[in-house]
2 protein chains.
Amino acid sequence: MAVTIRDVAREAGVSISTVSRALANPEQVAEATRTLVQHTARAMGYRPNRAARGLITGKTGSIGLVVPDLENPFFGRISKGVQARARQAGYAVFIADTDEDPSVEAEVVHGLIKQVDGVVLCSARGTDAEIRDLAAEGPLVLVNRNLPDIPSITFDNVGAVEAVLRHLVALGHREIAYAAGPLTSWSNRERAAALKSFCDASPDLTLVELGNFPPYFSGGVHAADLAVASGVTAVVAFNDLVAVGLMDRLRRRGIRVPDDISVTGFDNVPASTLVWPNLTTVDFPRMSMGRKSVDALLDIVFDRAPLPDATRQVPIELIVRESTGVARGAGASVVREPDAAHAPSA
Amino acid sequence: MAVTIRDVAREAGVSISTVSRALANPEQVAEATRTLVQHTARAMGYRPNRAARGLITGKTGSIGLVVPDLENPFFGRISKGVQARARQAGYAVFIADTDEDPSVEAEVVHGLIKQVDGVVLCSARGTDAEIRDLAAEGPLVLVNRNLPDIPSITFDNVGAVEAVLRHLVALGHREIAYAAGPLTSWSNRERAAALKSFCDASPDLTLVELGNFPPYFSGGVHAADLAVASGVTAVVAFNDLVAVGLMDRLRRRGIRVPDDISVTGFDNVPASTLVWPNLTTVDFPRMSMGRKSVDALLDIVFDRAPLPDATRQVPIELIVRESTGVARGAGASVVREPDAAHAPSA
DNA sequence: CGGATCGATGAAAAGGCTTGCAGAATGAAC
DNA sequence: GTTCATTCTGCAAGCCTTTTCATCGATCCG
C-alpha cells in the first residue's frame with residue numbers, strides 16, 4: 001500500500017494539515033516543523049496522490065498534446081518542445097495521435113480536455129466550427145493553425161512562401177508548380193493562397209497548382225509526373241516529405257534535380273539532408289514552437305496575461321541547399337534581370 | 001462548473017448510487033431507470049471525473065510511455081502502436097522523452113509510475129540495476145530490452161544479425177565492419193555480440209568493430225571514414241540513421257555504394273527508402289511491438305495470465321534493397337562457393 | 001395469507017488531500 | 001501580570017465517485 005499523508009503525519013507527530021502545508025506551502029510552517037516533515041516524508045518515500053489533489057484543486061497537473069501523426073518528424077520535434085517545457089513546469093503530457101483523421105481528432109480532444117488542465121492541438125485538421133466547439137470545452141491552444149479568438153502559435157507562411165518565390169525567381173524560374181498538401185491542412189491553404197497572390201501580382205510568373213496530395217513521400221511520387229507534364233522548371237512542394245518523394249520519382253525517370261527541375265520543401269525535417277541533392281527548404285523552429293504553446297496554455301490555465309500576439313508567430317528561415325538551381329533554358333541574363341517585384345534587393 | 005453525478009441524480013430524480021451504477025454497471029439497474037439516467041446524463045453533458053474515480057478504484061485509466069527520442073521515427077512508430085492499443089482499451093497515454101539520457105530516464109519513470117497504472121519503457125538506456133529499481137515501484141514492461149523477471153518485448157536481434165551476415169557472405173564479403181551504436185543501448189550490445197560470435201565461428205570472416213557512435217546521421221558520417229580506412233567491403237550499421245549518414249559521407253568522398261562498399265542498417269525506418277541507393281535493412285514490426293507492450297502491461301495491471309514468452313519476441317524480416325552488392329574484388333566464383341556455415345541453403 | 005427470496009434502489013462510508021477557520025502558544029507591550 | 005498581536009498548528013469540511021450494506025417492495029411458494 002502506498003504511503004499517504006497521514007502516515008507521514010503520524011510518523012512525524014504532527015497533523016496532516018501541517019504535513020500538507022510543509023510540503024506544498026513551506027513558508028506557512030515553522031522552520032523546525034518543516035524540515036522534520038520534509039525529512040520524514042522523504043525517508044518514508046511519500047509521493048502525493050495526484051488524483052486526490054486534483055479532486056480538490058480542480059487541476060490535474062497534466063496537459064494534452066494532439067498531433068496528426070507521431071511518426072512524422074515534424075510533429076516529433078514539436079512534441080519534444082512541448083515535453084521539455086511541460087516537464088520544466090512540473091506538468092506531464094498526454095500525447096494522442098489522430099492518424100490525420102478529423103473525426104478522431106475531435107473525439108480525442110473531446111475525451112482529453114476534461115481530464116487535463118489544457119490541450120495543445122497541433123496542425124488541427126478539423127473545420128473552424130469543430131475547433132471552436134472543442135475550445136469551448138476547456139483551455140485550448142492551437143499550433144500551426146490560426147483561428148480568431150483562440151490562442152494560436154503559427155509561423156509566417158506568407159513570409160516563407162515569399163522567400164521561396166524570391167529565391168526561385170532570382171534563379172530565373174517563371175513557371176512554377178505547387179504540389180499541394182491536404183485540404184484539411186491550414187498551412188497548405190495558407191501557402192497555396194500566398195503563392196497564388198504573389199504570382200497573380202507579377203504578370204510574368206505562372207503558377208500551376210497540382211494536387212492535393214497526401215503529405216507523405218507517396219504524395220510526392222504522385223505529384224512528380226504531373227509536374228513534369230506541366231512543363232514547369234520548379235516545383236514548390238507542400239512539405240519536405242512530398243519534396244523528397246518528388247525528387248525520388250524524378251531521379252527514377254532520369255530527370256535531374258536541380259538541372260532539369262528545381263524542388264523546394266517546407267519544414268526542414270531531417271530527411272531534407274538525407275537525400276541527394278540536399279533539399280532547399282524553409283526552417284521552422286518547431287522546438288520553440290512547442291515550448292511557446294505550453295507557455296500560452298499555462299497562461300490561460302493560470303489566468304495570466306497572455307503573450308502579445310506578435311510574439312506568437314515564430315520566425316522562419318530559408319535554407320538554400322542543392323535542390324534548387326538556375327532555371328533550365330534560362331540564360332545567365334535572367335539572373336541579372338530579375339522580376340522587379342520579387343527579386344532580392346542585393 | 002462541471003456537471004457532476006449528483007446533478008444528474010437530482011435531474012433524473014434518483015440517487016447518486018443509481019446514476020453511478022446505470023453508467024458503470026448498466027446490468028445492475030432496471031431497464032427504465034437505466035435509460036432515463038443515461039439519457040439525462042448525455043443531455044446534461046456529464047463526464048465522469050477521472051480523479052474521483054481513481055481515488056476510489058486506485059486506477060488512473062492511463063499508462064506511461066518513455067522513449068529516448070520522440071523525433072526518431074523508430075520510436076514514433078512504436079508510440080503509434082502503443083497509442084492505438086491503449087485507446088482501444090480506454091486508456092490514455094503519457095509520453096515522455098528522455099533525450100537519450102539515462103538519468104532523465106530514471107527520473108521520468110520514477111515520477112510517472114506512481115500516477116499511472118503502468119509504464120512502458122522503450123529502449124531503456126539505464127543499467128540493469130536501475131531498471132530493476134524502477135520495476136519495483138510499479139507495473140513496468142520493457143520494449144527492445146530484455147531483463148529476466150521483467151516482462152520484455154524484444155525482437156530477434158540474433159536472427160536479424162544472422163540474416164544480414166548470410167546475405168553479405170553470399171555476396172562475397174569477408175571483411176565486414178560494424179558501426180556500433182551507443183553502449184547504453186541493449187540492442188547495440190546484442191547485435192555486437194551476435195556479430196562477434198558469428199564471425200568468430202567462421203574462420204574466413206573478419207569483423208572490424210568501429211565506434212561507438214551516436215545513433216544518428218552524424219554518427220554514420222563519423223563512422224564512414226573509419227570504415228573506409230579499415231579496408232572492409234561491407235559495413236553493418238547500428239541502425240538506419242547511422243547507415244544513411246555513412247552513405248552520405250561515402251558519396252561525398254566519391255566512394256560508390258554498393259560498388260565499392262556495401263552498407264546495411266537495422267529498423268527499416270522511412271529514411272531507408274528516401275536515400276539512394278535504397279538501404280538494405282532489417283524490418284522490425286514496431287507498431288505491433290507497441291501494441292504487444294500495452295497488452296503485456298494490461299495483463300499485469302489486471303492480474304491476468306501473461307502471454308507466453310515465446311510470443312513476446314516479434315519476428316524480423318531482411319529487406320534487401322540497393323545498398324548491398326557483390327563484394328569489390330570478389331569474382332563471381334565467390335558467390336558460387338559461399339561459406340558453408342553462413343550461406344543460404346538455396 | 002405468511003414467509004422467504006429476489007431485484008432494485010438509497011444511504012453512507014471511504015479514498016487522500018487542501019484549506020478556511022479557530023484555537024493554542026509565544027512574545028511584546030503596557 | 002494582563003492584554004494584544006502574531007505565529008503556528010489542528011480540526012473538519014469538502015472535492016466526486018464507487019461500493020458495501022441495508023431497505024423496501026414485490027413476487028413466489030407453500
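Chain A is the first sequence line, chain B the second, and so forth, proteins listed ahead of strands; every chain is numbered from 1.
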CD (A:Glu11) with more than 12 external heavy atoms under 6.0 Å: no
Enclosure of A:Arg304 CZ (heavy-atom neighbours >12, cutoff 6.0 Å): yes
Under 4.0 Å, heavy atoms only, any strand: does A:Thr4 hit a base, just the sugar-phosphate, or nothing? sugar-phosphate
Spacing of B:Ile5 atom CD1 relative to D:dC15 atom P, expressed in whole Å: 14 Å
Calculate the interatomic distance between B:Glu27 atom CD and C:dC6 atom P; express it in whole Å. 18 Å
Between the base of C:dG10 and the side chain of B:Arg21, is there any donor-acceptor pair under 3.5 Å? yes
To the nearest Å, how far apart are B:Arg34 CZ and C:dA8 P? 9 Å
Rounded to whole Å, please give me the gap between CD in B:Gln28 and C1' in D:dA22. 16 Å
Which residue lies more 5' along DNA chain D, comparing B:Ala52 with B:Asn25 via nearest heavy atoms: B:Ala52
Give the rounded distance in Å between these two atoms: CZ of B:Arg50 and P of D:dT18. 11 Å
Gap between atom OG of B:Ser79 and atom CG of A:Asp97 - 0.5 Å precision: 9.0 Å
Testing D:dT17, C:dC17, C:dG16 for proximity to the side chain of A:Tyr46, the answer is C:dC17
Taking 4.0 Å as the cut-off, does a side-chain nitrogen or oxygen of B:Thr18 come that near to OP1 or OP2 on C:dT9? no
Integer-rounded Å distance: C:dG15 P and A:Ile16 CD1: 13 Å
Expressed in angstrom and rounded to an integer, what is the separation of B:Leu36 atom CG from C:dA8 atom P? 15 Å
Picking from C:dG10, C:dA8, D:dT18, which would you name as closest to the side chain of B:Thr33? C:dA8
Which residue, B:Gly13 or A:Arg53, contacts DNA chain C at a nucleotide closer to its 5' end, judged by nearest heavy atom? B:Gly13
For the base of D:dC11, is there a side-chain donor-acceptor partner from A:Ser17 under 3.5 Å away? yes
Separation of B:Leu55 atom CG from C:dA13 atom P, in whole Å? 17 Å
Picking from D:dG10, C:dT18, C:dC17, which would you name as closest to the side chain of A:Val14? D:dG10
Any donor-acceptor pair under 3.5 Å linking the side chain of A:Glu71 with the backbone of B:Lys80? no
From D:dC21, D:dT18, C:dC17, pick the nucleotide closest to the side chain of B:Ile56? D:dT18
Is there a side-chain contact between B:Val104 and A:Arg87, using heavy atoms and a 4.5 Å cut-off? yes
